[in-house]
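Keep in mind it's a predicted model, so treat the numbers as computed, not measured.
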2 protein chains.
Amino acid sequence: MPTIKDVALKAGVSATTVSRVLNNRGYLSEALKQRVYSAMEELNYRPNELARSLSRSRSNIIGLIIPLVSLPFFSVLTSYIEQHAYLNGYKLLLCNSQQDKIKELEYIDMLRSSRVDGIIMGSHTLEVEAYRQMNLPLVTFDRQISPGIPYVCSDNYTGGQLATTLLIEKGCRKLAHIGGHPELNLLSNLRYKAFVETARQAGIWHTSLHTDNNSFDVLAYERLLEQLFREHPGIDGIFAGSDLIAAYALKACRESGRRVPADVRIVGYDGTALCSLNHPSITTIRQPMEDMGRLAVELILKQVEGMSVPSANILPVKLQEGSTT
Amino acid sequence: MPTIKDVALKAGVSATTVSRVLNNRGYLSEALKQRVYSAMEELNYRPNELARSLSRSRSNIIGLIIPLVSLPFFSVLTSYIEQHAYLNGYKLLLCNSQQDKIKELEYIDMLRSSRVDGIIMGSHTLEVEAYRQMNLPLVTFDRQISPGIPYVCSDNYTGGQLATTLLIEKGCRKLAHIGGHPELNLLSNLRYKAFVETARQAGIWHTSLHTDNNSFDVLAYERLLEQLFREHPGIDGIFAGSDLIAAYALKACRESGRRVPADVRIVGYDGTALCSLNHPSITTIRQPMEDMGRLAVELILKQVEGMSVPSANILPVKLQEGSTT
DNA sequence: TTGTATGCGTTATCAA
DNA sequence: TTGATAACGCATACAA
């Protein structure tokens with residue numbers, strides 16, 4: 001691969017000048033610029049980002065740690081994060097923790113070694129200490145791991161309220177919530193909290209089921225739903241922790257001969273494409289995923305530039321009515 | 001951040017020795033090793049991968065170019081690729097081309113500049129020239145862009161045969177295929193080819209609809225299905241180009257009052273989680289996605305190490321019967 | 001407006 | 001067995 005020296009030689013200038021042209025710094029005559037550009041062209045020259053990063057001590061790479069890209073919510077989020085990183089000239093290093101603490105810790109090390117400029121983390125393991133220690137721009141999703149560290153999330157409590165209120169208004173009298181493990185100190189637990197409080201205030205019977213581990217185990221959802229209908233056959237309203245769970249709820253209703261929304265009404269959370277893929281389409285609480293992705297990137301960039309950023313970044317949700325309510 | 005020199009100073013050795021310990025090269029006494037290790041520990045030292053990469057001219061990064069991570073197939077594939085890259089000590093740079101030629105070309109440049117060790121590309125734009133030119137380990141998915149460049153794909157033709165044969169065996173007499181744009185020189189077009197040839201040989205009426213652009217536009221699928229049922233109301237068997245399309249087909253059947261599988265039978269392709277999420281669960285042609293991801297990574301690594309690799313890497317598919325047939 | 005010298009953090013080539 | 005020195009490719013302070 002040709003280096004800046006090769007270009008300099010061919011253009012008949014010094015390496016410094018080529019560097020200047022490359023970075024558009026200082027005063028350069030148009031003629032000289034052209035000469036350098038065509039030399040680059042001829043040699044098919046590409047600046048070595050490794051060397052640039054090393055020299056500038058800035059890599060223009062953002063590390064993204066998530067539990068599982070293959071989950072609808074995270075794949076969409078990843079897509080938006082990539083999009084906005086790209087728009088800002090940043091590259092994205094993808095770290096799929098797979099809910100594995102060891103892997104996550106190793107990835108944190110890898111990212112530090114790779115001198116990424118910042119880390120966006122949407123992973124849900126309990127290893128928060130490792131994040132606190134590293135002195136790097138950081139943004140988290142749905143998780144407040146330390147007072148100073150900025151987080152992005154949707155308005156989980158309002159979302160929970162909207163969903164529960166809708167179910168009650170539609171006439172549901174036996175409500176169920178199905179979600180992930182509540183002991184994790186996630187902000188999404190506020191959805192559950194809102195569910196409980198809203199139902200209680202309205203004097204509506206309600207129950208709740210959660211996966212007992214920290215995995216997004218699909219089979220766990222199926223088991224949970226089976227258990228729900230077995231223990232409480234009269235359930236007529238379900239608030240699911242995600243669209244994915246909602247889709248499983250819909251499936252479980254069908255399999256047990258329950259009509260949706262006649263017998264059971266269902267509300268999901270997220271607003272992924274899963275909702276409109278189903279028939280009836282799933283009513284959900286839509287998170288502004290693109291805004292969340294964009295904001296996460298922006299918060300990193302601002303920190304990189306030494307600016308201070310707000311800690312709480314709570315974005316509004318919107319009830320998106322489908323046909324399951 | 002502490003450097004190798006800081007560690008050397010603290011351990012009372014030279015930087016070279018620290019480097020040796022780091023890379024476990026040469027003869028080192030256990031005592032010395034320990035001294036260096038604890039110095040690293042104390043300083044919370046992390047080797048600078050940028051400098052290492054520059055020095056070794058090897059980045060241990062693989063670039064992944066795909067059209068859209070948020071699509072089920074690609075998010076699962078990405079997940080497996082990440083997994084196996086990680087297992088081999090490689091990092092993954094995620095490039096979402098979004099079917100945008102400009103963006104894809106810019107990403108190719110970025111990856112070259114970043115000195116990635118290889119590129120896995122599952123993108124579907126037509127810019128193959130750019131890939132041919134760059135002299136880098138490359139592996140493609142479902143696309144043969146040049147005789148010498150290795151590609152990974154499932155056995156598309158057999159998959160198309162299996163699907164079509166199943167529909168016919170189940171009694172379907174008016175078949176439809178719905179897929180992406182066939183002008184793209186994709187290997188997945190073999191599914192379509194198999195569909196046509198199998199139906200023709202069996203003397204079964206068949207038609208086919210394709211999106212006219214290169215996008216994975218969800219609305220396009222809905223329009224296509226609407227058109228299909230309008231023009232050919234008697235369709236009783238659909239072979240979809242992906243599970244996603246199959247899911248839309250299922251939805252379209254429901255919305256138009258068609259029973260599945262009684263009135264219309266559906267077969268998808270891929271074997272993503274979408275299949276089991278639906279009710280009835282979707283019959284599909286399962287691609288060995290993990291194998292494909294693992295193989296793509298392996299083919300890159302082998303090329304990095306100067307080994308020659310086979311050009312055609314066609315993996316077997318499997319009919320996975322759900323309840324839509 | 002352009003060039004020289006030095007540093008970024010690491011590895012590799014010598015020599016001791 | 002260890003260390004000094006020169007690359008790796010680029011950016012920047014300083015000189016001219």
Novice: Measure CE/B/Met40 against C1'/C/dT10 and give the value in whole Å, please.
Specialist: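 Atom-to-atom, B/Met40 to C/dT10, this comes out as 12 Å.
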Novice: B/Ile4 has an atom CD1; how far is it from atom C1' of C/dA12, in whole Å?
Specialist: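 Roughly 12 Å, once rounded to whole Å.
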Novice: Please report, rounded to the nearest Å, how far the C1' atom of C/dT11 is from the CD atom of B/Glu49.
Specialist: 12 Å
Novice: As an exercise, state the distance from CD of B/Glu290 to CD1 of B/Ile81, rounded to the nearest 0.5 Å.
Specialist: 11.5 Å
Novice: Has the side chain of A/Ser55 got a donor or acceptor atom sitting under 3.5 Å from an opposite partner on the base of C/dG7?
Specialist: yes
Novice: B/Lys5 NZ to C/dG9 C1': how many Å, rounded?
Specialist: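 Going from B/Lys5 (NZ) to C/dG9 (C1'), I get 7 Å.
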Novice: Checking salt bridge (Lys or Arg N to Asp or Glu O under 4.0 Å) for the pair B/Lys302/B/Glu305: CA distance, chi angles, key distance, verdict?
Specialist: CA-CA 5 Å; B/Lys302 281 188 179 169; B/Glu305 281 157 22; over 6 Å; no
Novice: Might you point out which heavy atoms bring B/Phe74 and B/Leu68 nearest each other, and give the distance in Å?
Specialist: CB-O, 3.4 Å
Novice: Any residue in residues 10-33 of chain B with a heavy atom nearer than 4.0 angstrom to DNA chain C? Just list them by number, or reply none.
Specialist: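 The answer is B/Thr16, B/Ser19, B/Asn23, B/Arg25.
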Novice: Take the protein atom CZ of B/Arg115 and the nucleotide atom P of C/dT11, then report the distance between them rounded to whole Å.
Specialist: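 Distance, rounded to whole Å: 19 Å.
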Novice: Starting at CG of A/Leu54 and ending at C1' of C/dT10, how long is that distance when rounded to a whole Å?
Specialist: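 Distance check: A/Leu54 CG to C/dT10 C1' gives 8 Å.
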Novice: Atom OG in B/Ser188, atom CD in B/Gln287: separation rounded to 0.5 Å?
Specialist: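 The distance works out to 9.0 Å.
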Novice: How many Å lie between CG on B/Leu50 and P on D/dA11, as a whole number?
Specialist: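 That distance rounds to 14 Å.
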Novice: What is the separation between atom CG on B/Leu43 and atom P on C/dG9, rounded to the nearest whole Å?
Specialist: 14 Å
Novice: First locate atom OG of B/Ser146, then atom CD of B/Gln144, and finally report the distance between them rounded to the nearest 0.5 Å.
Specialist: 8.5 Å
Novice: Apply side chain to side chain donor-acceptor pair (under 3.5 Å) to residues A/Asn96 and B/Ser79 and explain how you reach the verdict.
Specialist: CA-CA 7 Å; A/Asn96 221 211; B/Ser79 187; 3.1 Å; yes
